[in-house]
Protein chains: 2
Amino acid sequence: MVTIKDVAEYAGVSVATVSRALNNSGYVGKQSRIKVEEAIKTLGYYPNEVARSLYQKSSKMIGLLLPDISNPYFPLVAKGVEDYAQQNGYMIILGNVEDNIEKEDMYVKFFSQYNISGVLSAATGKKSQNYQVPFVLLDRALEEEDYSIATDDHLGGELAAKAIIESKGKQVVVMAGPKNIAGANDRLSGALGVLNSKGLSYQIFETHSYQVDKAEETAVQLFESTSHFDSVIASNDVYALAVMKEAIKRGYRIPEDIQIIGYDDMLFSRLMYPGLTTIAQPAYELGFQGAKMLVDLIEKNSSEHKKVKLKPKLIMRDSLR
Amino acid sequence: MVTIKDVAEYAGVSVATVSRALNNSGYVGKQSRIKVEEAIKTLGYYPNEVARSLYQKSSKMIGLLLPDISNPYFPLVAKGVEDYAQQNGYMIILGNVEDNIEKEDMYVKFFSQYNISGVLSAATGKKSQNYQVPFVLLDRALEEEDYSIATDDHLGGELAAKAIIESKGKQVVVMAGPKNIAGANDRLSGALGVLNSKGLSYQIFETHSYQVDKAEETAVQLFESTSHFDSVIASNDVYALAVMKEAIKRGYRIPEDIQIIGYDDMLFSRLMYPGLTTIAQPAYELGFQGAKMLVDLIEKNSSEHKKVKLKPKLIMRDSLR
DNA sequence: CCTCAATCTGTAACCGATTACACATTTAGT
DNA sequence: ACTAAATGTGTAATCGGTTACAGATTGAGG
C-alpha cells in the first residue's frame, strides 16, 4: 500500500506538505505542489479513508436503514440514495432491519463504531435516542423536530378514494396499514375523509405489516373476514396484486365485479394484466432528496427544508372501472 | 465518546490490559479482567472499529457490487448476503454499478480506501485486477480460478425448454440475454440443446441488457422483429411479464395463443394473473452462500468449495398450456 | 533455597492520515 | 533599507485502538 509517507519521500517534502496539497488547506509552494502531484501520479497514491476518518471522527459513509429490501419499493429508494451519495463521494452502508428494534439498535451501534457521518432511516422512525449524527427520516417521520422526507400520504389517501368514487365504487374496503407507521394512518385518514364526505359505506381491514410474504395470506383473510364489497383501496401494490389474484381465483372479474387501486406504483404494476391503477409514490425521488438533505446536514449543518412532502400521483390503468 | 483510555483509567489498569481482556489475547489476571468488565459495563464502552481497522488493515465490512438494485432479483440476493453478514458481525457496503465499468472501478477503489475485508460481486465478473482482498463472484463467474456461487444456468435453460416442449410449443422464440454475461449464454445453450435434440424450430431474439426500464420497449421489438411464434422462453421474469402484456395488448390469449416461461421467480410472478410459469433461481440462497464463502475466505483463508452451482427449479403456474 | 518457566502488566511504537505550532523565507509597504 | 505581514515548510502531537518488548511477580521442580 502506498502511504502519504511514501509520497512525501518521493517528492522530497514532508507529509504535512503532502496533506496540505491534497486538501488544499494552508499554504503550499508552487514547486512543492508540482512535485507532490507528480509523486502521487507515479506512485498511484490515494488516501486511506480509515486513517483520515480516525482523526476526523467522521467518515464519508452514510448508513441506510430499510425495513425490508425484498419489498420492491425500497430498492428504488435505495437507488435514489445511492445515486446522490455516489455523486457526492459518500458510500452507503446497508441495514435491513425488518421492523425489528433489536436489529435496528444493533445497526445504529455498528454505524457509530464506524464513525458514520449520517443516517437515513426508513425504519421505525424512532430516531435513536442518544445518537448524535445527522439523521434524516425517510417516509416515516413521527415527531415535529425531525428532519424528514415523505410522500404526502394524506393526499395519497384522498387521491385513491376520489378515484374509487369517480369510478362508481359503492361498497369499499379500505386496507389500513400497520398503525405504528405514521404514513399508513395518514393514508387511511385521507381516504376516509373523502369517503365520509361523500357518504359512502366502507369497511376497514387492518393489516399488521408490510412484509411481502404475508400478502397472499392477508388477501385470503380479506375475503373471509369482510362482507360484500365492490372496491378495494389496498395498502400497497403488492397487497393489491395479492387481492386481485385472490379475487380472480374466487371468480370475480376485475374491474367489473371488484375494482382495486394500489399504492406505490412499482415497476411490475405497469407490466401486469390488468394494469394496476395505483397511487405513485416517488420512491427514487424520495431517496435522492433524502440523501441530499442528509448530505447538506452533514456538510453545512443545515438544510434548506426541514420537512419535505413529495406529492403522490394517480396513475390510471385498468383495475378501476 | 468513551475510549479504551477511559476504561483503563476507570479500571485502574493500562490500555494494553483492557485491549487484551477485550480480545482474549495474551495473559490477563483474574482481578484485572473483572475490573475491566465492570468499567466497560458502567461506562457503556464499545470499541471504535475505525481505530482497530487502521492498525489491522482490515475492517469487518464487505463490499457488495450489484448491477441494478431496482431489478427485483438482486434485493433478494442482497437480503441473503445481509442476513449471513449480520449474523457474523459484518457490515455490508452497497455499490450499484449498473453494468458500468467506471462505476465498478470507482467502488473497488472506495472499498480499498475503507480497508474492506472482502468483496461480493454480481457485476461484470471481471475480477478487478490488482485487488488483493478475498473476492467471491455471484452468479457471473468467468474464469476457472475464481471463487463463485452461481445458479446452474445450463440446467435452467434445459428446464425451460423441456417445459415448453411438454406443453406442446411448436414455434419457439428464445430470448438471449446479454452476451457478455456468462450465465445468459449457458441458459441459451441449455435451451437450444434441448430444442435441437427435439428438432423444434426456434428463433433467437437478443436483448442487450437486463435493465428493467428497457423491458417494455424490448417486448415491442420482439413482436415486430420476429415471425410468427407460439412460445417464448424469456430471459427473466420482468421480460416475461412485458412480453405477456404486449401479447395481450395485441389480442393474443395466454397461454392458448402464446405461452411464456420466465426466469428467476420473483415474488410478483406468483401474484400476477395468469400466474407466470418460471424457472426459480435461489436468489436468497445465492446471496447467503456467497456471503458464507466470502467470510470463510476472509477468516480461514479457505473455503470448502471453490465453485458452487445451485440448482434452479421449474415452478409450474398458468402461463404454459 | 535456587532457577527457570509461566503468568501479568505497563510503556511505547505503530497503523496513516490531519493539523497546531514554530521557524524560515518572501513580499509588501513606507 | 527596515519592519511587518504573508507565505511556505517541517516536527511532533493526535485520533483510538493493537501488540512487541521488557520488567515484575508467581509457581514449580530439583
Side-chain angles (χ1 to χ4, degrees), chain A residues 1-37 39-40 43-61 89 109-117 132-133, chain B residues 1-37 39-40 43-61 89 109-117 132-133:
Chain A
M1 185 189 219
V2 184
T3 72
I4 197 171
K5 219 174 146 188
D6 301 324
V7 175
E9 245 158 58
Y10 188 97
V13 298
S14 75
V15 292
T17 299
V18 177
S19 177
R20 281 187 289 252
L22 229 51
N23 302 297
N24 289 314
S25 64
Y27 297 112
V28 178
K30 226 172 181 176
Q31 292 304 317
S32 301
R33 168 154 275 135
I34 291 170
K35 284 189 293 179
V36 169
E37 274 162 9
I40 288 176
L43 299 177
Y45 167 80
Y46 50 96
N48 180 315
E49 276 297 324
V50 174
R52 171 179 301 198
S53 158
L54 177 61
Y55 187 90
Q56 313 272 242
K57 294 168 187 301
S58 152
S59 68
K60 296 209 92 182
M61 299 195 285
K109 185 176 160 191
F110 265 155
F111 288 170
S112 71
Q113 289 187 293
Y114 282 99
N115 288 174
I116 239 163
S117 62
Q132 294 310 340
V133 303
Chain B
M1 186 189 218
V2 184
T3 71
I4 197 171
K5 217 174 146 188
D6 301 324
V7 175
E9 245 158 59
Y10 189 96
V13 299
S14 75
V15 292
T17 300
V18 176
S19 177
R20 280 186 290 253
L22 229 51
N23 301 298
N24 290 314
S25 63
Y27 296 111
V28 178
K30 227 174 181 174
Q31 292 304 316
S32 300
R33 168 153 274 133
I34 291 170
K35 284 190 293 180
V36 168
E37 274 161 10
I40 288 175
L43 298 178
Y45 167 80
Y46 50 96
N48 180 316
E49 276 298 323
V50 174
R52 173 178 298 194
S53 157
L54 178 60
Y55 188 89
Q56 313 273 237
K57 295 168 186 299
S58 152
S59 68
K60 296 208 93 183
M61 300 194 286
K109 185 176 160 191
F110 266 154
F111 288 170
S112 71
Q113 287 187 294
Y114 282 100
N115 288 172
I116 240 162
S117 62
Q132 294 309 338
V133 303

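Letters A, B, ... are given to chains in the order of the sequence lines, protein chains preceding strands, and every chain is numbered from 1. When reading the values below, keep in mind they use all heavy atoms of this one structure, side chains included, and skip hydrogens, waters and symmetry mates.
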Can you name the atoms? Protein N/O to nucleotides 26-29 of chain D N/O, anything below 3.5 Å, with the distance.
none

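One finds the OG1 atom of Thr17(A) at 9.5 Å from the CD1 atom of Ile4(A) (value rounded to the nearest 0.5 Å). With values rounded to the nearest 0.5 angstrom, Met61(B) atom CE is found 9.5 Å from Phe111(B) atom CZ. Here Asn115(B) contributes atom CG and Gln56(B) contributes atom CD; the two are 10.5 Å apart, rounded to the nearest 0.5 Å. Here the NZ-CZ distance, from Lys60(B) to Phe110(A), works out to 7.5 Å after rounding to the nearest 0.5 Å. Here the OG-CE distance, from Ser112(A) to Met1(B), works out to 6.5 Å after rounding to the nearest 0.5 Å.
For the pair Gln113(B) CD and dG16(C) C1', the computed distance is 13 Å after rounding to whole Å. As a whole-Å value, the separation of Leu43(A) CG from dG16(C) C1' is 15 Å. Nucleotide dG17(D) holds its C1' atom 16 Å from the NZ atom of Lys60(B), rounded to whole Å. In this structure, Asn24(B) places its CG atom 14 Å from C1' of dT18(D), rounding to the nearest Å. For the pair Arg52(A) CZ and dG16(D) P, the interatomic distance rounds to 18 Å; values are reported in whole Å. Here the C1' atom of nucleotide dA17(C) and the OH atom of Tyr46(A) are 15 Å apart, to the nearest Å.
Residues satisfying the side-chain contact (heavy atoms from CB on, under 4.5 Å) test with Ser25(A), not counting sequence neighbours, are Arg20(A), Asn23(A). Taking Arg33(B) as the reference, Asn24(B) meet the side-chain hydrogen bond (donor to acceptor under 3.5 Å, both in side chains) condition, with sequence neighbours excluded.
Axis angle, first five pairs versus last five pairs of the helix from dC1(C)-dG30(D) to dT30(C)-dA1(D): 40°, rounded to 10°.
Between the side chain of Tyr114(A) and the backbone N or O of Asn48(B), no donor-acceptor pair lies under 3.5 Å. Ser59(B) places no side-chain N or O within donor-acceptor distance of the main-chain N or O of Ser53(B), the cut-off being under 3.5 Å.
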Readout for nucleotides 7-15 of chain C: B = base within 4.0 Å of protein heavy atom, S = sugar-phosphate only, - = neither; 5' to 3' it is BBBBB--BB
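The salt bridge (charged side-chain N to carboxylate O under 4.0 Å, His left out) pairs that include a residue from residues 45-56 of chain B are Glu49(B)-Arg52(B), where partners are two or more places apart or lie in different chains.
Checking Tyr45(B) against Thr3(B) by side-chain atom types alone, no donor-acceptor pair falls below 3.5 Å.
In terms of phosphate contacts, Asn23(A) brings a side-chain nitrogen or oxygen within less than 4.0 Å of OP1 or OP2 of dT18(C).
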